[in-house]
Amino acid sequence: MHTETEIAIIGAGPAGLAAAEAAAKAGCRVVLLDAYARPGGQYYKQLAFGLKSRKPGALHHGYAIADRLFEFVGQHPQIELMSGASVWAASSTGNGFELQIEQNGSSPRSITLTAQAVILVPGAYDRALAFPGWDLPGIMTAGGIQTLLKSFRTLPGKRVALSGAGPFLLPVAALLAKSGAEVVGVFEATHPRQWLRYGPQAMKHFDKLREGAEYTAILRKYRVPMRYGRAVIRAEGDERVQRITVARLDADWRPLPGKSEVLEVDALGLGYGFMPNTELSYALGCEHYYSQTQAAFFACHDSDMQSSRAGVFVAGELTGIGGSGIALLQGKIAGWSAAARLGRVQREEALRQTTQTRAALQQQQPFADVLNRMFALRPGRHAWLTPETILCRCEEVTVGKVQEAVREAQAADARSIKLLTRCGMGLCQGRVCGHLVTGLVAELAGRDPALVGTFTTRPIARPLPLGQLMQMDDLEH
């Protein structure tokens with residue numbers, strides 16, 4: 001099946017919904033694509049079909065905004081919402097862009113979509129750090145736990161622990177406690193005394209601090225222990241996780257000798273920030289930069305949210321981890337800017353429509369920058385590893401194999417490590433282990449992580465059945 005539109009928006013989270021609203025108001029025909037069955041992304045995640053909530057606003061902050069956007073994109077005649085649609089390939093054509101889509105549902109179908117402009121808002125996924133036993137069943141990301149609770153009203157276990165760095169641990173812990181789990185502890189790797197120097201900047205954003213205080217109050221109500229300067233550095237169990245070792249850490253996250261304890265759990269959530277989904281931005285030839293603070297590659301863009309590739313706009317976590325508030329603002333700017341590029345509105349009108357939005361973005365961005373510095377990864381995390389620790393779970397490549405490749409084969413970049421060890425060649429294509437490899441190789445080789453780079457992206461951005469390839473018109477052999 002072949003179809004076309006003026007603007008294709010990939011991702012129906014906060015940024016994608018805001019971009020669709022803006023572009024439609026500007027008079028553009030929009031196709032809004034998302035891999036989930038319902039729009040909302042990770043932040044505005046909706047319950048699965050067949051499940052209902054008496055208080056849907058209790059699932060997340062900002063529900064009123066989400067509800068309004070859901071109604072707008074669902075009813076506006078200029079917007080076509082394609083749910084359950086995975087974009088597995090993207091390329092530029094002479095006068096636009098071509099997307100290859102696999103749409104699941106009662107009648108799965110293959111779609112080729114051409115668009116005059118593309119807005120990439122694919123969001124991000126949880127970053128987990130490796131340690132002995134992190135691949136045991138029952139261990140998942142904090143976002144995975146949130147999905148079980150928000151979309152399926154299912155607990156990951158009865159005795160649950162959370163370990164990581166950053167404010168995202170708080171809402172997940174609060175949701176677990178309110179849902180009936182026994183949260184044995186929230187282990188935050190950083191310590192409040194490390195936050196003190198950021199206090200004056202953080203106090204300028206009282207609304208965000210108040211949100212964190214609300215979650216903290218819930219944890220106190222349910223007597224959930226908050227332990228700072230600690231992390232889970234080992235997990236053990238027979239068929240699933242049963243015990244975890246929690247260690248006290250120094251300022252660089254190195255475990256302090258003799259300062260650890262063993263706890264019994266049946267589920268563990270990990271959350272050390274987020275990694276952007278960059279497969280499609282790389283596929284479309286967009287330039288990226290490496291953020292030392294966030295330890296990840298992000299898409300470059302100008303003040304109109306246009307990437308280095310003309311006609312490709314970016315917003316949300318693809319441009320830097322900043323949360324839903326920033327994503328909404330960037331999405332709106334991207335939507336109006338894309339409409340101006342297509343001539344649907346004058347650039348002056350697009351600027352007028354986004355004047356307040358740009359001002360709000362300048363106010364909110366500093367707080368996101370502060371959080372990223374406060375909870376940045378520390379080098380001592382590599383002290384948690386042993387040579388036997390699995391680094392690439394898909395291909396079962398150990399830390400020792402990567403160490404051998406660096407020390408004996410002089411491998412000093414991600415591509416060489418991939419060729420020598422098979423790291424990143426599995427089903428996840430390095431989404432889980434890529435940043436782990438980059439960080440470890442940078443330390444072993446004494447090299448800047450930006451120069452170590454990331455795994456080479458493939459033309460096929462998402463796993464798909466071979467039958468899907470056979471349906472492509474231009475595949476003759």
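Nothing fancy with the numbering, it's 1 onward along the sequence. As the structure is a prediction and not an experimental result, all values here were calculated from the model.
Atom-to-atom distance recorded for I119:CD1 and I10:CD1 is 10.0 Å, nearest 0.5 angstrom. In this structure, the separation between OH on Y289 and NE2 on H301 is 6.0 Å, given to the nearest 0.5 Å. With values rounded to the nearest 0.5 angstrom, R431 atom CZ is found 9.5 Å from C394 atom SG. Interatomic distance, CG of L249 versus OG1 of T190, reported as 10.0 Å (0.5 Å rounding). Separating the OG atom in S291 from the CD1 atom in I321 is a distance of 9.0 Å, to the nearest 0.5 Å. Separating the CG atom in N372 from the CZ atom in F274 is a distance of 10.5 Å, to the nearest 0.5 Å.
Contact check for R243 versus V265: no side-chain heavy atoms found under the 4.5 Å cut-off. Residues Y272 and S163 form a side-chain contact, since some pair of their non-hydrogen atoms from C-beta on lies under 4.5 Å apart. L268 places none of its side-chain heavy atoms less than 4.5 Å from the side chain of L162. In this structure, L169 and E188 have side chains that are in contact, with non-hydrogen atoms separated by less than 4.5 Å. Within the 4.5 Å cutoff, no side-chain heavy atoms of L318 are placed close to those of V121. Using a 4.5 Å cut-off on side-chain heavy atoms (C-beta onward), V406 and I417 make contact. Counting heavy atoms from C-beta on, the side chains of W253 and L129 come closer than 4.5 Å. Counting only heavy atoms from C-beta outward, the side chains of W195 and Y228 approach each other to under 4.5 Å.
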### Message
For a side chain to side chain contact (heavy atoms under 4.5 Å, CB included) check, start with the C-alpha distance between Y198 and L371, then their side-chain angles and the critical distance, and finish with the verdict.
### Response
CA-CA 9 Å; Y198 302 108; L371 289 182; over 6 Å; no

### Task
Step by step, work out the side chain to side chain contact (heavy atoms under 4.5 Å, CB included) result for M82 and D34.
CA-CA 6 Å; M82 286 190 186; D34 196 81; over 6 Å; no

### Query
Given the rule in the side chain to side chain contact (heavy atoms under 4.5 Å, CB included) test, do L170 and M226 qualify, once you have shown the distances and angles that lead to the verdict?
CA-CA 9 Å; L170 297 179; M226 277 292 303; 3.9 Å; yes

### Message
Test side chain to side chain contact (heavy atoms under 4.5 Å, CB included) on V314 and Q330; report intermediate values, then the result.
### Response
CA-CA 8 Å; V314 293; Q330 290 183 336; over 6 Å; no

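Between R227 and E261 a salt bridge is recorded (basic side-chain N to carboxylate O distance below 4.0 Å). Using a 4.0 Å cut-off between a side-chain N of Lys or Arg and a carboxylate O of Asp or Glu, E102 and R462 do not qualify as a salt bridge.
Contact detail for R109 and M1: the closest heavy-atom pair is NH1-SD, 3.0 Å. Looking at every heavy atom in both residues, A411 comes nearest to V441 through O-CG1, 4.4 Å. In this structure, I9 and A19 approach most closely via the heavy-atom pair CD1-C, 3.7 Å. In terms of heavy-atom proximity, C433 sits nearest to L391 at CB-O, 3.4 Å. Pairing each heavy atom of V402 with each of C423, the nearest pair is CG2-SG, 4.1 Å. The two residues L176 and P156 come nearest to each other via the heavy atoms CD2-CD, 3.8 Å.
In this structure, R254 contributes its side chain and D250 its backbone to no donor-acceptor pair below 3.5 Å. In this structure, the side chain of T389 engages the main chain of T386 through a donor-acceptor pair within 3.5 Å. When atom types are taken as modelled, the side chain of E279 and the backbone of A461 share no donor-acceptor pair closer than 3.5 angstrom. Remark: side-chain polar atoms of Q403 are not paired, donor with acceptor, to backbone N or O of P387 under 3.5 angstrom. Looking at T141, its side chain does come within 3.5 Å of a backbone N or O of G144 through a donor-acceptor pair. Between the side chain of T319 and the backbone N or O of E317, no donor-acceptor pair lies under 3.5 Å. Listed for the D126 side chain is a donor-acceptor partner under 3.5 Å among the backbone atoms of G143. In this structure a side-chain-to-backbone donor-acceptor pair under 3.5 Å is missing from R220 to I218. The backbone N or O of W88 sits nowhere less than 3.5 Å from a side-chain atom of S86 that would complete a donor-acceptor pair. Remark: the backbone N or O of V312 is paired with a side-chain donor or acceptor of S307 at under 3.5 angstrom.
R415 is linked by a salt bridge (Lys or Arg N to Asp or Glu O under 4.0 Å) to nothing, counting only residues two or more places apart in sequence or in another chain. With sequence neighbours left out, the side-chain hydrogen bond (donor to acceptor under 3.5 Å, both in side chains) criterion links E182 to R159. The side-chain contact (heavy atoms from CB on, under 4.5 Å) check on A235 picks up F131, L136, I139, V241, I244, with sequence neighbours excluded. Looking at residues two or more places apart in sequence or on another chain, you find no side-chain hydrogen bond (donor to acceptor under 3.5 Å, both in side chains) involving R378. A search for side-chain contact (heavy atoms from CB on, under 4.5 Å) contacts involving A442 returns P449, V452, not counting sequence neighbours. With sequence neighbours left out, D413 forms a side-chain hydrogen bond (donor to acceptor under 3.5 Å, both in side chains) with S416. In terms of the side-chain hydrogen bond (donor to acceptor under 3.5 Å, both in side chains) criterion, residue partners of D369 (sequence neighbours excluded) are, by chain and number, Q365. Considering only residues two or more places apart in sequence or on other chains, Y282 meets the ring-ring contact (aromatic ring centres under 6.0 Å, His included) condition with H288. F187 meets the ring-ring contact (aromatic ring centres under 6.0 Å, His included) test with no other residue; sequence neighbours excluded. Among residues two or more places apart in sequence or in another chain, the ring-ring contact (aromatic ring centres under 6.0 Å, His included) test is passed with Y290 by F297.
Considering N277, T278, L280 in turn, N277 is the only one that fulfils the side chain to side chain contact (heavy atoms under 4.5 Å, CB included) rule with P122. The side chain to side chain contact (heavy atoms under 4.5 Å, CB included) test with F97 singles out one residue from L113, T114, L284, and that residue is L284.
Looking at E98 and T112, their side chains never bring a donor and an acceptor atom within 3.5 Å of each other.
Sorted by first and then second residue, the side-chain hydrogen bond (donor to acceptor under 3.5 Å, both in side chains) pairs with a member in residues 233-242 form an empty list; sequence neighbours excluded. Among pairs with a residue in residues 434-458, those fulfilling side-chain hydrogen bond (donor to acceptor under 3.5 Å, both in side chains) read Q292-D448, H382-E443, Q429-R458, at least two apart in sequence or across chains.
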